[in-house]
Amino acid sequence: MQKIMNGKEASEEILEKIKIDTENFVKKGLRPPGLAAVLIGENPASKIYVGSKVRTCANLGFYSEKIEKDKNIEMKEVLNLIKDLNEREEIDGILVQLPLPDHLDESMILEAVNPQKDVDGFHPQNLGKLFIDEPNMVPCTPLGIMALLKKYNVELKGRNAVVVGRSRIVGKPLSLLLLKENATVTICHSKTANLEEITSKADILVAAMGKKAFLTHKHIKEGAVVVDVGINRVTDIEEAKKLYPDDEARWNQVKEKGSTLVGDVFPPAMKEKASLYTPVPGGVGPLTIAGLMMNTFLSYSQRVK
Ligand SMILES: NC(=O)c1ccc[n+]([C@@H]2O[C@H](COP(=O)([O-])OP(=O)(O)OC[C@H]3O[C@@H](n4cnc5c(N)ncnc54)[C@H](OP(=O)(O)O)[C@@H]3O)[C@@H](O)[C@H]2O)c1
């Protein structure tokens, strides 16, 4: 039986549908959806993420704008830039790539974004809507995970869902979405005293901790659905052999490219005990960008005239 939940495939399906919907709107004579990505500073990972978001926009027929600013930009200038983007008709989504340089006030910047254009779903108004069961713009990774669970017909109603991690971008919003679908949700974090006792009762187990292969056999119930959000780099070949005992391609990756990736769940445990699970990479990762495009298209369809 196929146990892998293929995030790449799920993401491609979502994006294909958005592309077709966009074409249909444009055929009617409407403008395309527009996304502005604000990149401040020289963080190499941020550059890669923004580059890939802008490329995805182009593939979907969206208008997009990459706005790059010097790392020493002043707060006032960032706020003016956001104000301008808030006012521009053709921009449906504004994303400010995080992390920001230390001197900038992240909360103030995220709160300056018009909630209607807040395609990352980080504005307090959107988080509040999620809290009162009226989600609109939802943080992208949880949004993508919910789409994946739906694609694989994972029953949520009445089932025990355990989310390990309570961050604002993954754990907390995902817990609220699972709760909305009538799962019985438990949130664990670094101060949870009896982690194994709780996770081993989970029908749906989500690991969003950022701790390399931390959850293992004893944490997973036989037949559980496991969603591994973690992305951790493995650079030691002996470690890669322990994590992926049957996967020589991974060892070669470390040898040839210097690293491979692993999530927050020990891969052999997930493979042996789960009924369905997300691999790393190729599981949750591709769905984050799909979530962003879903939010941008949603904003567009609410705004376009
Ligand atoms: N696939 C994707 O697209 C995607 C998107 C976002 C994030 N990620 C990855 O997902 C992981 C989590 O990201 P994040 O931004 O949510 O991380 P984060 O902000 O660092 O939050 C980590 C959470 O895990 C909890 N935690 C840490 N150690 C723990 C332990 N030993 N036992 C139980 N809970 C523990 C922390 O608890 P406290 O609150 O008590 O500190 C915290 O709530 C990272 O690896 C990140 O790279 C992937």
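Both ligands and their constituent atoms are indexed starting at 1 by order of listing.
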**Prompt:** Is E111 close to S107 at the side-chain level, that is, under 4.5 Å between some pair of heavy atoms?
**Reply:** yes
**Asked** Is the F62 ring parallel, tilted or perpendicular to the F297 ring (thresholds 30°, 60°)?
**Response** parallel
**Asked** To the nearest 0.1 Å, how far is atom 33 (C) of ligand 1 from its closest protein heavy atom, and which atom is that?
**Response** H189 O, 3.0 Å
**Request:** Could you pull out, from V284, L287, I231, I187, the option with a heavy atom nearest to atom 47 (O) of ligand 1?
**Result:** I231
**Message:** If the contact criterion is a heavy-atom separation under 4.0 Å, does G171 count as touching ligand 1?
**Reply:** no
**Prompt:** Is a side-chain donor or acceptor of K117 paired with a backbone partner of N86 at a separation under 3.5 angstrom?
**Reply:** yes
**Item:** Heavy-atom gap T192 to ligand 1 smaller than 4.0 Å
**Value:** no
**Asked** Would T235 and S259 count as having a side-chain donor-acceptor pair, cut-off 3.5 Å?
**Response** no
**Asked** Of all the atoms in ligand 1, which lie at a distance below 4.0 Å from a heavy atom belonging to G210?
**Response** 11 (C), 12 (C), 44 (C), 45 (O)
**Request:** Using a strict cut-off of 4.0 Å, indicate which atoms of ligand 1 neighbour a heavy atom of I169.
**Result:** 15 (O)
**Asked** D264 to ligand 1: N or O pair under 3.5 Å?
**Response** no
**Request:** Could you list the atoms of ligand 1 found under 4.0 angstrom from a heavy atom of G285?
**Result:** 1 (N), 3 (O)
**Prompt:** side chain to side chain donor-acceptor pair (under 3.5 Å) with E13: which residues, sequence neighbours excluded?
**Reply:** K151
**Asked** Is a side-chain donor or acceptor of S299 paired with a backbone partner of D92 at a separation under 3.5 angstrom?
**Response** yes
**Request:** Give the atoms of ligand 1, by number and element, whose distance to some non-hydrogen atom of V170 is under 4.0 Å.
**Result:** 6 (C), 7 (C), 16 (O)
**Asked** Between the main-chain N or O of D264 and the side-chain N or O of D228, is there a donor-acceptor pair closer than 3.5 Å?
**Response** yes
**Request:** Can you sort out which atoms of ligand 1 are near K211, meaning under 4.0 Å from one of its heavy atoms?
**Result:** 28 (N)
**Message:** So, regarding R166 and ligand 1 (criterion: nitrogen or oxygen to nitrogen or oxygen, under 3.5 Å), is there a contact or not?
**Reply:** yes
